[in-house]
Amino acid sequence: MNETSTKYNPQKTENKWYQYWLDNKFFKSTPDKRKPYTIVIPPPNVTGVLHMGHIMNNTIQDILIRRARMQGKNACWVPGTDHASIATEAKVVNKLAEEGIDKNSISRDEFMNHAWDWTDKHGGIILEQLKKIGASCDWDRTKFTLDNDLYESVIKVFIDLFNKGLIYRGVRMVNWDSKAKTAVSDEEVEYKDEQSKLYYVKYKIVDSNDYITIATTRPETILGDSAVCVHPKDERYFKFHGKKAIIPLIDREVPIITDDYIDIEFGTGALKVTPAHDENDYKLGEKHNLLSFNIFNDDGTMSKDAILYENKDRFEVRKLIITDLEKAGNIVKIEDYTNRVGYSQRTQVPIEPKLSMQWFLKMEELVKPAIEHVNNNDINFSPKRFVNTYNHWMENIRDWNISRQLWWGHRIPAYYLPNSNEFVIAENIEKALILAIEKTGNKNLKIEDLKQDEDVLDTWFSSWLWPISVFDGIRYPENEDIKYYYPTNVLATGHDIIFFWVARMIIAGYEFRKELPFKDVYFTGMVRDEQRRKMSKQLGNSPDPLKLTDKFGADGVRFGMMLCSPAGGDLLYNESLPEQGRNFSNKIWNAFRLTQSWEVDKTIEQPEHAKVALDWFNEKFNEQITSLNGLYDTFKLSEALMLVYKLFRDEFSSWLLEIVKPDYQKPTDAKTYNQVKAYFDKLLRILHPFMPFITEEIWQQLEERKDGESIMISKMPVSQSYNTKMINTFDLAKDIITQIRNIRKEKNISYKNKLNLLYKDANNSYDKSFETVILRLSGIDKISETKEKVDGASHFVVKKTEFFVPLGDLIDKDDEIKKLTEELKYATGFLNSVMKKLGNERFVNNAPAQVIEKENIKKADAEAKIKALGEQIKTLKQ
RNA sequence: GAGCCUUUAGCUCAGUUGGUUUAGAGCACUUGCUUGACAGGCAAGGGGUCGGCGGUUCAAAUCCGCCAAGGCUCACCA
């Protein structure tokens, strides 16, 4: 009669329900009287595509937001994308290069047109992909960091910070990315250990035949040397104090200076000093007033100032100069050496320390409230340990280089006066002109005379405002949205961007709204493969998430991702995870098919076994809801899912449904049917945040639903008190059933052969509440009391009650004795461990009374069991 | 070099302020059952001296110290 497929088919339902949710505007949120629950998405790169990390991260957010919505809160999940200046610009530059267009040959405006074309073409694909996994974002609120309102917010913030004296411009040693041709922040540099060489090179001493030997890993920078430095106390070099050395190949005379920065033990104890291309050398240069030779061009080739090898790449030059130095007789030796080389996080080329003019944000004062409010738990990190990492960075914070030599981004609102380094800061050129006239007193200045700074701001300089700017709280601090939705409730993001983003959002929150940006931060781990390798395109170990959803269903994939992603821990992905999710979908589906197949006969009474089982399930359900809420509160989402999984699969399907399902081709009573349906409904609701599609599909079929009804706006079951005693009693019944099943298995007795069960209850502790359940699930005909031991019966003890299953000839005495002896051995061992405690005088004198009481109960139970087992063995042996 | 974290069954992890059976779950594995919801399901089973050593305590997977292995973050040794 039921033609529903035995397998759940996600393809048939997922798009349908997503569209239904959209059509009914269930994701939409506007301020009202309810409590808000707000999440802002960590904006993915606008031209990015969905990867496994996004699935995990956004599934977490969707779970939290769907639950909040069902709890009656006004849930608002704001989606959006990030312009990702350096990454996107690199993609556009590459694309232009493929078309034979050099970025340097076109104007800024032309480039921006290309970049916008690219963005329009590829942008937002990732948001469409998020819909496939069920993300319930309020799409009407979708933001992009280069939208006008967000752009203006960034500029406004820049001006504000400048006027507070926190932004300055200056020449500093910065991390130069010679591929993207821009400076990057300290955080954007990744250090890698690298096998390289340590070159020992001798420099001739002026007016002498003597040489001084230095050691360097970067011989190409010899051309930029302006001194040789030794430790003032290094006796080997006393003779060179005050002398000059000659740079090989270019014959430049440089002073030999002394400074206790030098490590006497390292290399030869003599250091070549290249102030323009090394942070420490730069400091030495400033201290000792050395010349600075900038020997590199912006693209990493040698500049005119290098004198030799002009326009050749720095790494090619490294080889060339070694050959030339060898020819000139200056190489003393070359050793293998492991050192750390900084790479640009975005372009993966080695970073070149370089002196350049940049804009910086002073951080020292800004971080103070951000440190305070994380450490006093106003903002709560899950897991807690990330507070350490956070503190370490915040307490050693350095000024933030916020300028980038790129075009794709928010252009720095500094306008230079004609032929001058003097500038004014203003939100647009018209206002800049007014300020410029004020500043110079020159009323003839025109807009054309002003020149805007060419640089754009670091991408993170816009992202750090995200929780505020998506609600337009920078431009309009008193608007209804920002007042209602801010602070947001929870941020779910990877711990790899704790400094880039999380810390800076907290700083911005306190600076611009005097308030935290979010109450909780849930740090996710990385998605890795089974060998703990990061997912990457090169390794080819990253599955295509959309293919996975095709294969296993979005619910299956979500289930797989969540089942073992502990907060902050890495997820070791393999395909068995979504497979388990798909299998569970089938399980739910088939439980539904089962209930659908029941025919209801309104004339029959509810049988006793169904009544007590449903009573028990009510208590069990409430107990589990209470635990579930606790897990949510502590962000233990994997455990929360596991709890729901077990509740559905074990308690509901394997126990409850097995008990209440009618006999083959028999009808069921109306009361049982309705109660089961009601619990099914409740279970679907608690499952919904994890598996939104299948729960909607079944929920819609479970009852007649009106158009516009949906599980996603139904009420989440709330925690209620529950009867622990009933739950425990049922557990004892489960024990008895398991024991009988074991006997059947051992003796190979089919369920078709009915058995009898007798119990001997000397302590009056046997609870009969679930007898009808025992009868039903263990194929027992009759349960009766006995005062005496029963011959020819299999025997077991649950709690303090002895049970006998008469088996007649099937009993093998030796087997039975062996089994009981094993049990006796365990019980005796257990009793011994209890007695050891109770026999310890100091334990009895010092331990709390309730602990001792528990031990006494254990002792009594064990003794009763041992006595019963012993007697039974004795009987058998007669 | 500094700091932080981790170490519990084959794998991934729980284990709440030390005391609810001489340690738990999921997956994997083994066995049995299954023509009446479930290309699977059900039932059961095996598997751990809680990284090592020492200490505190009546009581330690849990607290402290040392050691070992692994990981993360930060840092200017050419």
Side-chain angles (χ1 to χ4, degrees), chain A residues 2 4 6-8 173 186 191 198 214-218 221 229 261-263 265-274 278-283 337 339-340 353 383 385-393 396 495-496 498-499 530 532 563-566 568-572 574 576-577 579-580 583 586-598 630 634 636 638-639 641-643 645-646 653-654 657-658 661 663-665 737-738 741-742 744-746 748 750-751 826-827 829-834 836-837 840-848 850-852 854-855 857-858 861-862:
Chain A
N2 192 323
T4 328
T6 60
K7 271 166 91 175
Y8 168 66
M173 184 66 75
D186 296 332
Y191 289 90
L198 190 58
I214 57 88
T216 181
T217 53
R218 301 203 54 195
T221 63
C229 189
Y261 159 74
I262 299 297
D263 176 358
E265 302 296 317
F266 188 89
T268 60
L271 171 76
K272 66 189 259 329
V273 185
T274 323
D278 184 277
E279 174 107 41
N280 297 305
D281 291 14
Y282 174 66
K283 285 177 192 155
Y337 185 68
N339 67 338
R340 281 167 70 71
R385 62 188 150 94
F386 285 110
V387 174
N388 288 326
T389 315
Y390 175 87
N391 282 340
H392 188 257
W393 187 73
N396 296 286
H495 61 74
D496 51 329
I498 183 168
F499 308 135
E530 290 160 280
R532 284 199 181 267
L563 197 57
C564 60
S565 337
D570 290 341
L571 167 79
L572 274 55
N574 72 67
S576 73
L577 292 171
E579 200 181 309
Q580 205 185 335
N583 290 350
N586 281 335
K587 181 75 189 172
I588 301 167
W589 184 247
N590 280 294
F592 171 63
R593 285 180 59 232
L594 174 68
T595 59
Q596 288 303 98
S597 73
W598 293 348
T634 47
K636 293 180 176 173
S638 292
E639 286 178 62
L641 174 58
M642 182 59 74
L643 179 145
Y645 173 66
K646 286 198 277 190
S653 298
S654 295
L657 292 185
E658 288 299 327
K661 81 177 178 192
D663 291 333
Y664 185 51
Q665 293 194 328
I737 292 163
T738 300
R741 282 172 172 168
N742 264 332
R744 284 187 178 277
K745 187 182 171 186
E746 279 163 24
N748 214 356
S750 154
Y751 280 80
Y826 179 89
F830 175 64
L831 179 64
N832 280 343
S833 81
V834 175
K836 216 168 110 188
K837 274 189 202 171
N840 184 337
E841 251 181 68
R842 286 184 298 179
F843 171 73
V844 180
N845 293 335
N846 292 313
Q850 65 182 67
V851 174
I852 295 173
K854 271 179 196 161
E855 292 300 317
I857 291 170
K858 284 196 228 167
D861 284 0

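Below, read A as the first sequence line, B as the second, and so on, with proteins coming before strands; counting in each chain starts at 1.
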Nearest-Å distance for atom pair [atom1]/[atom2], residues [X] and [N]:
| X | N | atom1 | atom2 | answer |
| --- | --- | --- | --- | --- |
| A:Leu572 | B:C11 | CG | P | 12 Å |
| A:Ile852 | B:U21 | CD1 | P | 18 Å |
| A:Phe386 | B:U73 | CZ | P | 10 Å |
| A:Leu657 | B:A37 | CG | P | 11 Å |
| A:Leu641 | B:A14 | CG | C1' | 14 Å |
| A:Phe266 | B:C76 | CZ | P | 16 Å |
| A:Ile262 | B:C77 | CD1 | C1' | 9 Å |
| A:Asp570 | B:C11 | CG | C1' | 15 Å |

Under 4.0 angstrom between [X] side-chain N/O and [N] OP1 or OP2:
| X | N | value |
| --- | --- | --- |
| A:Tyr645 | B:C27 | yes |
| A:Tyr337 | B:A78 | yes |
| A:Thr216 | B:A78 | no |

Write down the distance separating the [atom1] atoms in [N] and [M], rounded off to the nearest Å.
| N | M | atom1 | answer |
| --- | --- | --- | --- |
| B:G18 | B:C13 | P | 25 Å |
| B:G65 | B:U22 | C1' | 28 Å |
| B:A14 | B:C76 | P | 34 Å |
| B:U31 | B:C67 | C1' | 44 Å |
| B:U62 | B:A23 | C1' | 12 Å |
| B:A9 | B:C5 | C1' | 23 Å |
| B:U30 | B:U73 | P | 40 Å |
| B:A28 | B:A68 | P | 39 Å |

Remember a base hit wins even if backbone is also touched, and classify [X] as base, sugar-phosphate or nothing at under 4.0 Å, heavy atoms.
| X | result |
| --- | --- |
| A:Phe499 | sugar-phosphate |
| A:Arg744 | nothing |
| A:Lys272 | nothing |
| A:Asn586 | nothing |
| A:Tyr282 | nothing |
| A:Thr217 | sugar-phosphate |
| A:Gly267 | nothing |
| A:Thr634 | nothing |
| A:Thr595 | nothing |
| A:Asn583 | sugar-phosphate |

Using purine N1 to pyrimidine N3 plus N6-O4 or O6-N4 for Watson-Crick, or N1-O2 and O6-N3 for G-U wobble, both under 3.5 Å, which nucleotide pairs with [N]?
| N | value |
| --- | --- |
| B:A68 | B:U7 |
| B:A28 | none |
| B:A60 | none |
| B:C33 | B:G41 |
| B:G1 | B:C74 |
| B:A14 | none |

Task: Upstream residue (5' side of RNA chain B) when A:Lys283 and A:Ser833 are each assigned their closest nucleotide - done: A:Ser833
- [ ] Find which nucleotide of RNA chain B each of A:Lys636 and A:Lys837 is nearest to by heavy atoms, and output the residue with the more 5' nucleotide.
- [x] A:Lys636
Heavy atoms from C-beta onward define the side chain here; which of [options] lies closest to that of [X]?
| X | options | result |
| --- | --- | --- |
| A:Tyr826 | B:U22, B:G26, B:G19 | B:U22 |
| A:Arg532 | B:A78, B:U12, B:A39 | B:U12 |
| A:Thr6 | B:C58, B:A39, B:A25 | B:A39 |
| A:Lys854 | B:U20, B:G26, B:A75 | B:U20 |
| A:Lys7 | B:A39, B:C27, B:C13 | B:A39 |
| A:Lys745 | B:C42, B:A25, B:G32 | B:G32 |
| A:Thr389 | B:C58, B:U73, B:A78 | B:U73 |
| A:Lys587 | B:C58, B:C42, B:G36 | B:C42 |
| A:Gln580 | B:C4, B:C27, B:G36 | B:C27 |
| A:Arg593 | B:A37, B:C58, B:A78 | B:A37 |

Task: Point-to-point distance, once rounded to the nearest 0.5 Å, from OG1 of A:Thr216 to NZ of A:Lys272 - done: 4.5 Å
Task: Rounded distance (nearest 0.5 Å) linking atom CD of A:Glu658 with atom OG of A:Ser653 - done: 8.5 Å
TODO: Check the side chains of A:Asn845 and A:Arg842 for a donor-acceptor pair under 3.5 angstrom, ignoring hydrogens and angles.
DONE: no
Between [X] and [Y], what is the shortest heavy-atom contact and its length?
| X | Y | result |
| --- | --- | --- |
| A:Leu572 | A:Leu577 | O-CD1, 3.8 Å |
| A:Leu563 | A:Ser638 | O-CB, 3.7 Å |
| A:Gly269 | A:Ile262 | O-CG2, 3.4 Å |

Task: Where the chi angle of B:A39 falls, syn if within 90° of 0 and anti if not - done: syn
With side chains defined as the heavy atoms from C-beta onward, is the minimum distance between [X] and [Y] less than 4.5 Å?
| X | Y | value |
| --- | --- | --- |
| A:Phe843 | A:Val851 | yes |
| A:Asn396 | A:His392 | yes |
| A:Ile498 | A:Trp393 | no |

TODO: Look at the side chain of A:Asn586 and the backbone N and O of A:Thr6, then say whether any donor-acceptor pair between them is shorter than 3.5 Å.
DONE: no
Task: Base B:U20 to side chain A:Lys858, donor-acceptor N/O within 3.5 Å cut-off - done: no
Open item on the list: Can you say whether a donor on the side chain of A:Glu279 sits under 3.5 Å from an acceptor on the base of B:A78, or the other way round?
Closed with: no
